[in-house]
Amino acid sequence: MRGWSDETLQILISELLEPKFADAQMKSDQVSPDDDLYETGIVDSYDIIELLTEISEKTGIDADITSADNGKEFTFSISSLSKLFLQAA
């Protein structure tokens, strides 16, 4: 497993999301790392599971999504996903 930084994880996640951006008729530069991907309609519930699996396969990191429940509402964004996987690394 290679070392992952927040920046490299965000780049990976953006690359994995490229087909979803295209489906939503958006470009990756139109999406902020803090935009909620579910609320904006870029991903649906099935896509979320698929994306988590792809990130895990590419990084070798198994993120514990239950750790995202820290009493605050979880935003399904590129930034929050990166942090979730970095916490598990």
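Note: hydrogens, waters and symmetry copies are ignored here, and every other heavy atom, side chains too, is used.
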* Asked: Taking S82 as the fixed residue, which of I11, I13, L12 is the one that meets the side-chain contact (heavy atoms from CB on, under 4.5 Å) rule?
  -> I13
* F21 versus S14, closest heavy-atom pair with distance -> CE1-O, 3.8 Å
* Asked: Any idea which heavy atoms bring S79 and Q10 closest together, and the distance?
  -> CA-NE2, 3.9 Å
* Pairwise distance CG(L86) to CG(L9) - rounded to 0.5 angstrom -> 5.0 Å
* Asked: Are L52 and L81 close enough, and set up right, to give a side chain to side chain contact (heavy atoms under 4.5 Å, CB included), and what steps lead you there?
  -> CA-CA 8 Å; L52 291 171; L81 284 172; 3.7 Å; yes
* **Results of side-chain hydrogen bond (donor to acceptor under 3.5 Å, both in side chains) for K58 - residues two or more places apart only** => none
* Structure fact -> Residues pairing under side chain to side chain donor-acceptor pair (under 3.5 Å) where one sits in residues 37-53, two or more places apart or in two chains, turn out to be K20-D47
* Can you name the nearest heavy-atom pair linking A63 to A88, along with the distance? -> CA-CB, 3.7 Å
* Structure fact -> Sorted by chain and residue number, the salt bridge (Lys or Arg N to Asp or Glu O under 4.0 Å) partners of D35 (sequence neighbours excluded) come out as none
* Structure fact -> The side-chain hydrogen bond (donor to acceptor under 3.5 Å, both in side chains) partners of S80 (sequence neighbours excluded) come to S77
* Asked: Can you list the residues that meet the side-chain contact (heavy atoms from CB on, under 4.5 Å) rule with D62, with sequence neighbours excluded?
  -> S56
Donor-acceptor pairs under 3.5 Å, side chain of residues 23-32 to any protein atom, not counting sequence neighbours: which ones?
{"unit_1": "S28", "atom_1": "OG", "unit_2": "E18", "atom_2": "OE2", "d": "3.2"}
{"unit_1": "Q30", "atom_1": "OE1", "unit_2": "K27", "atom_2": "N", "d": "2.6"}
{"unit_1": "S32", "atom_1": "OG", "unit_2": "D34", "atom_2": "N", "d": "3.1"}

* How many angstroms lie between CG in L16 and CD1 in I55, if you round to the nearest 0.5 Å? -> 6.0 Å
* Structure fact -> In this structure, OG1 of T59 is separated from CZ of F85 (nearest 0.5 Å) by 5.5 Å
* To do: Measure the CD-CG distance between E54 and L17 for me, rounded to the nearest 0.5 Å.
  => 8.5 Å
* Hey, could you give me the CD1/CG distance between I42 and D36, rounded to the nearest 0.5 Å? => 9.0 Å
